[in-house]
Amino acid sequence: MSQISHYPAAPFGDWDGSPAAARAMQLTLAAQVRLQDDFPALRLIAGVDVGFEDGGTVTRAAAVLLDADTLELVGSSLARIPTNMPYVPGLLSFRELPAVLQALAELPAVPDLIFSDGHGIAHPRRLGIAAHLGVVTGLPTIGVAKKLLTGEHDELDLQRGARVALRDKKTGDVIGCVLRSKDKVRPLIISPGNRVSLATAPELVMRYVTRYRLPEPTRLADRLASRREEKAASRRLAALR
DNA sequence: GCGACAG
DNA sequence: ATCTTGTCGC
């Protein structure tokens, strides 16, 4: 049977808006995360990230769709919606997920795997934005974070490909991996979101890392979400004046 | 009580 | 995340 995946407009069910209710909801959703590898042959992969405009009043999500073999850009989309919640460590998905889902819905096709900026299960309640996204869409997801949120790990070698396990400081459970995507750059924190195993997540990330610290899906989404192009261009003109 | 704290 | 110039190191 084929599983119909879609992008719910209201990924929070009957949430009353309170942080306490959000945390309780995370525990319920975290129980639905699947950590076994369960994804089809990769043909189309997506990358999603969020940026803000107008001092933070507007949330801007970007989604890019790439050919999994050639990394050719197949499509992209942008969603801009009013920001409805402040940033609260541990509750990032409640602030960014609505815009992300809207951007994904506007892509020309449903991806076989989604790379999301932020953490997967490497989260206090095991439901970072990548895991939340995976549960509400039913799609395979991987969290690619640039900073640690929770957990501890040993030092890791400085060459590209080096990695060490990230474990829960309290239980010792492995919740992700600290991965050096390029020689001597700050490592990325990789954790499964849904339908991808702890062992496979870093492998897939390295598969899509080219010459930059971030894997292509996330890197391209980041450029669109944060308008790297536009800002750089306007800066050059300002300096030329 | 104190420190930590994705984007 | 965002505001921002030059600068040190590979």
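Letters A, B, ... mirror the listed sequences (proteins, then strands); counts begin at 1.
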Between [atom2] of [N] and [atom1] of [X], the distance in whole Å:
{"X": "Leu188(A)", "N": "dG7(B)", "atom1": "CG", "atom2": "C1'", "result": "15 Å"}
{"X": "Asp117(A)", "N": "dG7(B)", "atom1": "CG", "atom2": "P", "result": "6 Å"}
{"X": "His123(A)", "N": "dA4(B)", "atom1": "NE2", "atom2": "C1'", "result": "14 Å"}
{"X": "Ile189(A)", "N": "dC5(B)", "atom1": "CD1", "atom2": "P", "result": "11 Å"}
{"X": "Arg125(A)", "N": "dA6(B)", "atom1": "CZ", "atom2": "P", "result": "13 Å"}
{"X": "His119(A)", "N": "dA4(B)", "atom1": "NE2", "atom2": "P", "result": "17 Å"}
{"X": "Asp54(A)", "N": "dC3(C)", "atom1": "CG", "atom2": "C1'", "result": "14 Å"}

query = Would you say Tyr87(A) stacks on dG7(B), if stacking means ring centres under 5.5 Å apart and planes within less than 30 degrees?
reply = yes
[X] near the nucleic acid: base, sugar-phosphate alone, or nothing, with a heavy-atom cut-off under 4.0 Å?
{"X": "Lys231(A)", "result": "sugar-phosphate"}
{"X": "Asp183(A)", "result": "nothing"}
{"X": "Gly128(A)", "result": "base"}

request  = List the steps and the verdict of salt bridge (charged side-chain N to carboxylate O under 4.0 Å, His left out) for Glu152(A) and Lys169(A).
outcome  = CA-CA 6 Å; Glu152(A) 60 182 5; Lys169(A) 190 172 184 179; 5.0 Å; no
key: Pairing pattern in dot-bracket form [Watson-Crick, G-U; both distances under 3.5 Å; | = partner strand] for DNA chain B   = .......
key: Summary of protein contacts for nucleotides 4-10 of chain C, nucleotide by nucleotide, where a base hit scores B, a sugar-phosphate-only hit scores S (4.0 Å, heavy atoms)   = -S----S
query = Does one side chain, of Thr210(A) or Glu216(A), offer a donor that lies under 3.5 Å from an acceptor on the other?
reply = yes
message = Less than 3.5 Å apart, any donor N or O on the side chain of Ser116(A) or Thr141(A) sitting next to an acceptor on the other?
response = no
Return yes if some donor-acceptor pair links the side-chain N/O of [X] with the main-chain N/O of [Y] below 3.5 Å, else return no.
{"X": "His119(A)", "Y": "Lys147(A)", "answer": "yes"}
{"X": "Asp112(A)", "Y": "Leu44(A)", "answer": "yes"}
{"X": "Arg95(A)", "Y": "Met85(A)", "answer": "yes"}
{"X": "Ser93(A)", "Y": "Ile129(A)", "answer": "no"}
{"X": "Ser234(A)", "Y": "Lys231(A)", "answer": "yes"}
{"X": "His153(A)", "Y": "Arg167(A)", "answer": "no"}

key: Contacting residues from residues 148-160 of chain A, given that a heavy atom lies under 4.0 angstrom of DNA chain B   = Leu148(A), Leu149(A)
inquiry  = Looking at Lys146(A), I'd like to know whether one of its side-chain N or O atoms comes within less than 4.0 Å of OP1 or OP2 on dG7(B).
reply    = yes
task = Check whether any side-chain N or O of Lys169(A) sits under 4.0 Å from OP1 or OP2 of dA4(B), and answer yes or no.
result = no
From [atom1] ([X]) to [atom2] ([Y]), nearest 0.5 Å:
{"X": "Leu158(A)", "Y": "Glu155(A)", "atom1": "CG", "atom2": "CD", "answer": "10.0 Å"}
{"X": "Ile142(A)", "Y": "Leu133(A)", "atom1": "CD1", "atom2": "CG", "answer": "12.0 Å"}
{"X": "Thr83(A)", "Y": "Asp54(A)", "atom1": "OG1", "atom2": "CG", "answer": "9.0 Å"}
{"X": "Ser18(A)", "Y": "Met25(A)", "atom1": "OG", "atom2": "CE", "answer": "9.0 Å"}
{"X": "Asp49(A)", "Y": "Asp222(A)", "atom1": "CG", "atom2": "CG", "answer": "4.5 Å"}
{"X": "Asp168(A)", "Y": "Ile121(A)", "atom1": "CG", "atom2": "CD1", "answer": "10.0 Å"}

remark   = Note: contacts of residues 216-230 of chain A with DNA chain C (heavy atom, under 4.0 Å) are Ser226(A), Arg228(A)
message = Just to be sure I understand the geometry, which residues of residues 89-107 of chain A put a non-hydrogen atom under 4.0 Å away from DNA chain C?
response = none
ask   = Val144(A) pairs by side-chain contact (heavy atoms from CB on, under 4.5 Å) with which of Ile189(A), Thr218(A), Val209(A)?
value = Thr218(A)
query = Of Val136(A), Val100(A), Leu29(A), which is the lone residue that meets side-chain contact (heavy atoms from CB on, under 4.5 Å) with Pro11(A)?
reply = Val136(A)
ask   = For the residue pair Phe115(A) and Tyr208(A), does the interplanar ring angle fall in the parallel (under 30°), tilted (30 to 60°) or perpendicular (over 60°) class?
value = perpendicular
ask   = How would DNA chain C look in dot-bracket form, 5' to 3', counting Watson-Crick and G-U wobble pairs with both distances under 3.5 Å and writing | for bases paired to another strand?
value = ..........
task = Give the intermediate values and the outcome of salt bridge (charged side-chain N to carboxylate O under 4.0 Å, His left out) for residues Glu230(A) and Arg223(A).
result = CA-CA 10 Å; Glu230(A) 298 84 330; Arg223(A) 296 189 59 167; over 6 Å; no
